[in-house]
Structure formats: C-alpha cells, structure tokens
Amino acid sequence: MKRRVFIQKSIGAGLFASAVSTAPGINNLFAHAPGTEMFDLVAIKGGEPAAMFDKAIQAFGGIQKFVKKGQTVVVKPNIGWNKTPEYAANTNPQLTGQIVKHCYAAGAKIVYVFDNTCNNWQKCYTNSGIEKSVKDAGGKMVPGNTESYYHGVQVNKGKKLQSSKVHELILESDVFINVPVLKNHGGAALTMTMKNLMGIVWDRSYWHRNDLHQCIADFSTYRQPDLNILDAYRVMMRNGPQGVSTNDVVNMKSLFISTNMVSIDAAGAKMFGMEPEKVGYIPIANQMGVGEMDLSKLNIKKMSA
Amino acid sequence: MKHLKKIRVTLALCVFLLILLHFLDTYDLVAHKYVNWVFSLQIVPALMRLSSNLIVPLLILIIVLFITLLFGRIYCSVICPLGIFQDVIIRIKRWIKPKIKYKYRRSQMYVHYGIMVMSIGLWLAGSAFLLTLLDPYSNFGRITGSLIKPVIVQLNNFITHQLHNWDIYVLHTVDYKIVIKGLVYSLLFLGTITWLSLWRGRLFCNLICPVGGILSIISRYGILKLRITASACSSCGKCMQACKAECISTKDKKIDFSRCISCYNCIENCDNGAIQFVNVFSDKKVSATNNKPLSFNRRYLITGTLGMGLTLTGLAQPQQHKHRHRHAHNNKVHQSPHPVTPPGSGSLMHFNEKCTACQLCVSRCPTNVLQPTLFDYGFFNMSQPRMNYMVNYCSFDCTVCADVCPTGAIQSLTMDEKHTCQIGKVHFIKRECVVHTDLTACGSCSEHCPTQAVYMVPYKGDLTIPEVNPDICVGCGACEYACPVLPQKAIIVKANTIHQIAEKPATDKLEFDAETDFPF
C-alpha cells in the first residue's frame, strides 16, 4: 500500500470512526475503550430507560463483553402481570427492547424473551408493552405457559430446594440476561433479580410452601445470569407485586447493572429504602456464597444520565 | 327443486362451522360479535333470554316459527347444530356403507309431544331441567366444549411443540384443564346420539327433542308441504330409503310432514320429480290425507301429567340442603357452601334459572376457571359451570363468559362493573397458613390479589402474614388458587348467592424525590 493511499484511508477510517462514536443511539457503545476500570456494579439515575441503559452498559464494558457474535441470548424480564407499563408491575418495555437491540448490535444470532407469567400469558405479553418493543427490536417472544417447556435440573447447594424444572431456553441459550423490575412484594418483601428467577421455573408453588426465602436463595446457587439489569425507572412501593393503582408507583428513574445478583439486589433494597439484611433471601444467599451484599466492599460506579 | 338440497347443505355447513369454530377458537381469532348472532338463533337460548330482553329473542322466535309454518322444519337441518351433527354422522356412515335404506316407521308423536310438553311445562313451572337436558343446541355445546375441544387442544399443542423445535413460534400451546366428572353427561349423550343416528337416522329429533316437538306441531299445520304427486310416482321407494326421518311411506304415497326435517334427500333421489311443495290451501286433499289432526287422547294426557307431577315433586326438594349437609358434616373442611357463579350471572337463582349448560363459556374461558360440574348445583341443575379455583382463577380484566353467553345466564358487564362485581368473599383460615404453621414467608395469595383485599401485615420477626378486607374483594379466587397449602387451602372464596358490588380500593398518591443521591 502506498503511503499516500494509506494516509487517505486512515483519515477516512478515522473520520468514520469518529462519526460512529458521536452518532446518537447504540453505535457509540462500540467506542468503549479497553482498559477502562472494571466495576462490580453500575448505578445510574435521572434519565429515560433506554438512554440510561445505553450509558450504564457502556460504563460496564459494553454488551459485547457478554454477547459474542453468533450466540443465542435469552432475556428474562418480569412480565408476570396483565398490567400496562405505568403500573410498574412488569419490567419497562423500552428497557427490554433496548437490551434486545444491543444484543443484536453485538452480533447475537437470536434473542429470545419469555416469562412464566402469573396472569394469562398472552394478556401479559401484550399489555406490558414488552411483546411489541421486543418484536420491534427483532427479538422473539416465546411462551412459557406449559410444563413441557421446563426440564428438571439439580440445585446441588440447595437446602430446601434441591431440584427444579427450568425453561429450556435458559438451558439451551448461550447468554442469559436477567431483567427484573424493582418493586414491593407482600411475601418476599422485595422482588429483584433473585426473585425474578421464579419466572424461569415451573413449580413456584413448592417454593411458597417450603420457606420462600430459603428457596429463592437456594435457586440463586443454581446459576448466576450472565448479566443482571435491575429496572427502577418506575417503582411500585406498596401493594406489590401486582399493585392496585398507579398511586402505588413512584418515578425513581434509576437503573442498576451487575453480574452478581446478591450485590445488585442489595443496592436495589437500599434504593427502595430497606436494609438488605431485612430482605430474607439476600443475607441467606450472601451466606451461601452467592455474592457480596455489603455495598461498601464493592467498586460501584454511580452516574447521572 | 333439485338444487334445494345443495342450498340446504351449504347453509347448514356455514352455520355448523361458525358454531363449531366459536367453541374451538382458542386463539381468539374472530370477534364475538361476528358469531354471536348464530347462537341467538337457537330456540332454547332465545326462550331463556325472553324474560331479560324481550324484543330481540321474541322477534327471532317469531321468525323461526313463521318459517316453520311456511316451509316446514328447515330449522332442524340448517340452524340446529345437533341436527347437522347427526347428518355428519349419517354421512360418514354412508361413506363406509353406501347402501343405507331407511323404511317408513309409525309416528311416535305421543311420546315425543309428551316429552316436549313436559319440558316446556316444567320450564314454565320454574325449572329448565328437562329442557336443558334435552336441548339440542346445549347438548351439541357440551359435546363440542368438553369432548371435542380437548382433542383439538392436544393436537394444537403437539403441532406447536414440533414447530417450536424448529424455532417457529407461529402457534402457541394452549392450557386446557377439564374436570372429568363434568364430562359424564356429555359422554352419555354423545354415545346415545351417535347410536340413535346410526340406527335410525334422525330418530332423536322425532322422539325426544323438545325443540323438534314444537316445530313438529307447527309444521303439522304448515302452509307449504312436501307431497308425493301420485300420478308421477312410480313407487320405486328411493325417497323412502333416503328419508332420515323415516316419514315417507311409498306404499301409501304419503309424507308425514310433521316429522320431515327438511333435508330434501327425497327430492334429490326422486327420478320422476314426483315430490314437490304444495300449498295446502289450494289443495285440500293434502291436509286431509297426509296428516291426522292432533287428538289429545287419554294415554297422552296421562303420560304427560304423571311425568310432570313426578318431576315437580322431585324439584320441590330444596337444593341447598345437600350443600349445607356436606359443610356441616366435617367441621374441619372449609369450602364454599355454594358453587361460585361467574361474574355477570347476578345470583345463584338467576344462574340456575337461565343456564342451559351449553359450555360455551367453559370453552371460551381463557383461564379455564369455569369448569363443567356434575351435581354441584344439585341434580336438577346438572352440568352447569362453576368457578373452580382449584383449576385457576378469574382474570380481573376479562368479561369473555358474559360476552359469549347465549342464554342471558351470564349478562354483559362493562370493564368497570367487572372490577367491582363481587361474586364471592375471601375467607382466611390462619391455622392452615404456611406463615403460621411453618414460620416461613409466603404471600402467594396477596401477590395474586388484584385489589389487595388480601394484604400482608407484620407477623413474627420479619415475617408477614395475610389479612383480608372482604369489602374490596371481588371473589376472583386468585388467592385460593395461588395458596400452596393442600389439600385444605388456607384461603378460600365463599360464594355470594346474590352478587354484590365491591368497594373500590382507596389509595393516596405516593411521592418520591428523584433528586436525592443514591443511598449507598
């Protein structure tokens, strides 16, 4: 290659790269430079769901750190209830859609989204707004409504819960992204990333019957999701997990990202106004070695959108 | 004239498929309003609706009866799904064994009219028991809703799984649970109707069916009747052999038009064109020779009154006793003393009065909480659906059962009315609750409660335990369904025998200061 041509091309490539990096939207994710500080947890507040995720995941190393080209991804939001987004009973649809977009931008082969819902699953998928935003982003909404999708697994470290039936997409996909919404829960105090895993198993009733907190902690030893994203944009402060009216909901406009469920749940509890020790399954999981709940021991990146 | 049968078959298939698909439309592809009209043409549902909504059902009844008076029992071959269902069975039989030959049989009109008078008489006296049990539409509904639908659902789920294996998510699996004892009557009836139609064609329609009975009497005095023109008839017997109603006598060259179900097989099979519609007023001979006038003889009267008397005596037994007995029998068993009736049914009495147990609501209920029963409502209201909270719970934002009910047993509700329609009240049994017995967290009931009539309050340590506010409870049964304690659930819904209006849950708006920093 001649020198002049090389310079021309380099300038062109440089211009292109800078154009890409200044372009709005998800492209600037890839401008993330290697060698940036590694965080245990990223917390962001003050923005819209999709924009907060863009910034936070960039600070966390970009989605390409977790999703490689050609991989299959399963995103598990909370779609448990037949409620519209303003009730904050389900994960924010814009956030869910944006995560799917990021996965595809990182080269994912296919992105699945599902939940084992509490209300009629079709109504939940539709009215939560998640089905539309996922489909618009090119993702696949998959049902989780019959037992035949679920296959038995062992929970080796479990005390009360030694086995469970897990949705086949969790077992088969290369990457598992856990996206709960932070909200009040009458029985489990709060629902966050660990509690959200009750939506990937079939027999939830067993958990309720046999020490709910222990079962939630037990199952968290089964596997850590590859990525946990906690939606705290709208937060249901009472009457959870379903809510009665939008009066139960406040705008926290926050988002958390971590690879560790215990840490992110501890941060979520604090944000909600509860001590992590008071949320039964957090100290149990902490003791079982799933993760650190003492936020002072963590390297946390706090940001504003 | 030769085209009459083709027209009849085409119309009948349209009606039949509409009704069948409405029962089986688990994907909710067709809006109810486009199909409901076919159901409102059914005579017994129209009779049931008379008292709540006079004009429309009355108009439908008048039109159907007038058509019958003009042309005969077209209803039996075009509108009645059970009639068409029998035709389908007979057609299948013909494919297997092409040479079915019917022969003329004597009319059993006294038995038939006796059953009809008893059914209608009992209904007027306050119990639709017999009418419901024999109504052709409702029986077709029971067969389709509780026997055919499970097969279709299984098939759908099998195909769906194959497709999902190839990553195709066009179809989805359908949850379908059915309580077996609710199928008993449907199975018995399916067996009977199949046997009857294989054996003697449309015998059911001319021996048992109360709707057939009404239409038979009207067509007896009809204006246009099918008649054999004696001069053109070669006595070949083809019409008689093709007649599913077994009402054509070649020997006498007569058609008993009161039994004719207007299938027009005879017209199609007559090579000489000898069978034609004749206006009875222009040809006095027809009415004189073809039909004996009705004579209310002694045998008929005795059968009728005796049967009616016996059944009325049976009905006089109050039905609530049975439930109270079961409830009192074992002090430890907590259950609703009455079955919970679907939202929109108003009261147990209204529901018992109007429901013909056609199972359309059962078939269309998205959560399967509506289940057929056997004797839950007592013997005289057998098969009526109930809310079964062991199977599932009633969706807060759903009014499908009321939208489809053809008899007015479940009446339409707006979404606002549905949200406060209290069909039962929550009842918490603390000594069974897992929070109390095991001192572990649960909250499953409160979690599922759409109005937070079940809410969690502090208990020992950091535990929370359910507390109930029946005033805002709608009786949806989500708590009972979700309760993990078995066999005696720790939280149950007891039926309101008269539905109430629940109070709306009151809340004040919460505030949050978004400017504060992260608390860590």
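Computed from a prediction, not measured in an experiment: that's the story for all the values here.
- No more than 12 heavy-atom neighbours from other residues, nucleotides or ligands sit within 6.0 angstrom of CZ on B:Phe158.
- When the candidates A:Lys83, A:Gln122, A:Glu168, A:Arg204 are compared by the number of heavy-atom contacts under 4.5 Å with chain B, A:Gln122 comes out ahead.
- Taking 4.5 Å as the heavy-atom cut-off, the residues of residues 276-284 of chain A that approach chain B are A:Lys278, ordered by number.
- Taking B:Met456, B:Lys509, B:Lys504 one by one and counting their heavy-atom pairs under 4.5 Å with chain A, the maximum is reached by B:Lys509.
- When A:His213, A:Met141, A:Lys140, A:Lys45 are compared by the number of non-hydrogen pairs under 4.5 Å with chain B, A:Lys45 comes out ahead.
- Per-residue heavy-atom pair counts under 4.5 Å with chain A were compared for B:Ala441, B:Gly443, B:Ser446, B:Cys445, and the maximum is reached by B:Ala441.
- Ionic pairing of B:Asp28 and B:Arg364 is present here: one or more N-O contacts between side-chain nitrogen and carboxylate oxygen are shorter than 4.0 angstrom.
- With a threshold of 4.5 angstrom between heavy atoms, B:Asp462 approaches chain A through side-chain atoms but not through N, CA, C or O.
- No salt bridge links A:Arg234 with A:Glu86; every basic N to acidic carboxylate O contact stays at or beyond 4.0 Å.
- A side-chain donor-acceptor contact under 3.5 Å links A:Asn184 to the backbone of A:Gly240.
- The residue among B:Phe518, B:Tyr169, B:Phe512 with the most heavy atom pairs within less than 4.5 Å of chain A is B:Phe518.
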Decide side-chain hydrogen bond (donor to acceptor under 3.5 Å, both in side chains) for B:Tyr393 and A:Asn119; before the verdict, give the C-alpha distance in whole Å, the side-chain angles of both, and the deciding distance to 0.1 Å. CA-CA 9 Å; B:Tyr393 60 93; A:Asn119 289 154; 2.6 Å; yes
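- Contact of B:Thr464 with chain A is made through the side chain alone, with heavy-atom distances under 4.5 Å.
- Applying the 6.0 Å contact sphere to NZ of A:Lys165 captures more than 12 heavy atoms from other residues, nucleotides or ligands.
- Side chain of A:Ser220 to main chain of A:Met194: no donor-acceptor pair is present (N/O by atom type, distance under 3.5 Å, no hydrogens or angles).
- Contacts of A:Phe272 with chain B are absent, with no heavy-atom separation under 4.5 Å from either backbone or side chain.
- Within 6.0 Å of NZ on A:Lys302 lie more than 12 heavy atoms contributed by other residues, nucleotides or ligands.
- Contact annotation for A:Asn82: both backbone and side-chain heavy atoms come within less than 4.5 Å of a heavy atom of chain B.
- Interface remark: A:Ile216 contributes no atoms to any contact with chain B (heavy atom separation under 4.5 Å).
- Ranking A:Met237, A:Glu147, A:Met252, A:Met271 against chain B, the residue ahead of the rest is A:Met252, based on heavy-atom pairs under 4.5 Å.
- Listed by chain and residue number, A:Lys76 satisfy the side-chain hydrogen bond (donor to acceptor under 3.5 Å, both in side chains) test with A:Asp115 (two or more places apart in sequence, or in another chain).
- Proximity to chain B (any heavy atom under 4.5 Å) is shown, for A:Tyr206, by neither the backbone nor the side chain.
- You'll find the ring centres of A:His167 and A:Trp202 outside the 6.0 Å limit.
- For A:Gln214, no part lies near chain B; criterion is any non-hydrogen pair under 4.5 Å.
- Between A:Phe219 and A:Trp207, the distance from one ring center to the other falls under 6.0 angstrom.
- Using a 4.5 Å cut-off between heavy atoms, A:Met198 makes no contact with chain B at all.
- Around the CD1 atom of B:Ile501, the shell of radius 6.0 Å holds no more than 12 heavy atoms that belong to other residues, nucleotides or ligands.
- When each of B:Asp438, B:Val485, B:Asp175 is scored by its heavy-atom pairs under 4.5 Å with chain A, the top score falls to B:Asp175.
- Ion pairing between A:Lys159 and A:Asp218 fails under the 4.0 Å rule for side-chain N and carboxylate O.
- Between chain A and the options B:Asn157, B:Asp517, B:Thr367, B:Asp167, heavy-atom pairs under 4.5 Å are most frequent for B:Asp167.
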Verify side-chain hydrogen bond (donor to acceptor under 3.5 Å, both in side chains) between B:His436 and B:Tyr459, making sure each step is shown before the conclusion. CA-CA 9 Å; B:His436 176 76; B:Tyr459 194 55; 2.8 Å; yes
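- Formation of a donor-acceptor pair under 3.5 Å by the A:Asp174 side chain with backbone atoms of A:Thr72 is found in this model.
- Residue B:Phe396: no heavy atom, backbone or side chain, is found under 4.5 Å from chain A.
- In terms of heavy-atom pairs under 4.5 angstrom with chain B, the leader among A:Leu295, A:Thr146, A:Thr246 is A:Thr146.
- In this structure, B:Gln422 contributes its side chain and B:Gly475 its backbone to no donor-acceptor pair below 3.5 Å.
- Neither the backbone nor the side chain of A:Ala266 comes within contact range of chain B, judged by heavy atoms closer than 4.5 Å.
- Other residues, nucleotides and ligands place no more than 12 heavy atoms under 6.0 Å from the NZ atom of B:Lys33.
- By number of non-hydrogen pairs under 4.5 angstrom with chain A, the leading residue of B:His164, B:His172, B:Glu511 is B:His172.
- Contacts of A:Asn127 with chain B are absent, with no heavy-atom separation under 4.5 Å from either backbone or side chain.
- For A:Leu298, no part lies under 4.5 angstrom from a heavy atom of chain B.
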